[in-house]
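Only this structure's heavy atoms are used, side chains among them; waters, hydrogens and symmetry mates stay out.
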Amino acid sequence: MGQRMLTSEDRERIREGWERGDSTMDIAYHIGVSQTTVYAELRRGMLDEYYPGGDRRVYDPERGERVYHENIKLRGNRTPRVKAAP
C-alpha cells in the first residue's frame with residue numbers, strides 16, 4: 001500500500017468501524033490503508049470520553065482532520081535544500 005492522504009469519507013469510515021468495535025486491521029483493510037495509518041488517525045482524533053461500555057475512547061473525525069492540518073502547518077516547508085556551489 002502506498003502513501004495517501006485520508007479523505008473526510010475515510011475518516012468517517014474509521015469512526016463507523018471504531019464505534020462498531022472493528023479492529024484497526026479490519027478498518028485499514030476496508031479503507032485501503034495501512035494499520036499504522038489508522039492508529040495515527042485514531043490518536044489524532046481521540047476525545048477524553050468513552051463509548052457506552054467504557055472500553056473504547058470516542059473518535060471524532062473532524063478533530064482528527066483538524067489536528068492533521070495543524071500538524072502540517074507546524075512542520076513547515078519540506079522542499080529539498082539545494083547545496084550552494086563551491
**Asked** Is there side-chain contact between N71 and R44, with heavy atoms separated by less than 4.5 Å?
**Response** yes
**Message:** Could you report the tightest heavy-atom contact between D48 and R57, atom names first, then the distance?
**Reply:** OD1-NH2, 3.6 Å
**Prompt:** If Ile, Leu, Val, Met, Phe, Trp and Tyr residues are connected whenever their side-chain heavy atoms lie under 4.5 Å apart, and connections chain through other members, are I14 and V58 in the same group?
**Reply:** yes
**Message:** Between V38 and V67, is there shared hydrophobic-cluster membership here, with clusters defined by ILVMFWY side-chain heavy atoms closer than 4.5 Å?
**Reply:** no
**Complete:** Closest heavy-atom pair, R11 versus E41, reported as atoms and distance to 0.1 Å, is NE-OE2, 3.0 Å
**Asked** Sub-3.5 Å donor-acceptor pair from the side chain of W18 to the main-chain atoms of S23, do we have one?
**Response** no
**From CA spacing to verdict: side-chain contact (heavy atoms from CB on, under 4.5 Å), Y50, D55** = CA-CA 7 Å; Y50 289 82; D55 60 336; over 6 Å; no
**Item:** NZ/NE/NH1/NH2 to OD/OE distance under 4.0 Å, K73 and E70
**Value:** no
**Item:** From OG1 (T37) to CG (D10), nearest 0.5 Å
**Value:** 10.0 Å
**Item:** Trace of the side-chain contact (heavy atoms from CB on, under 4.5 Å) decision for Y59 with L47
**Value:** CA-CA 6 Å; Y59 166 73; L47 302 178; over 6 Å; no
**Asked** Going by an N to O cut-off under 4.0 Å, is there a salt bridge joining E19 and R15?
**Response** yes
**Prompt:** Looking at OH of Y29 and CG of D22, how far apart are the two atoms once the value is rounded to the nearest 0.5 Å?
**Reply:** 13.5 Å
**Item:** Row check, Y51 ring normal vs R20 NZ/CZ: under 6.0 Å, within 45°
**Value:** no
**Asked** Between E65 and S8, what is the shortest heavy-atom contact and its length?
**Response** OE1-OG, 3.1 Å
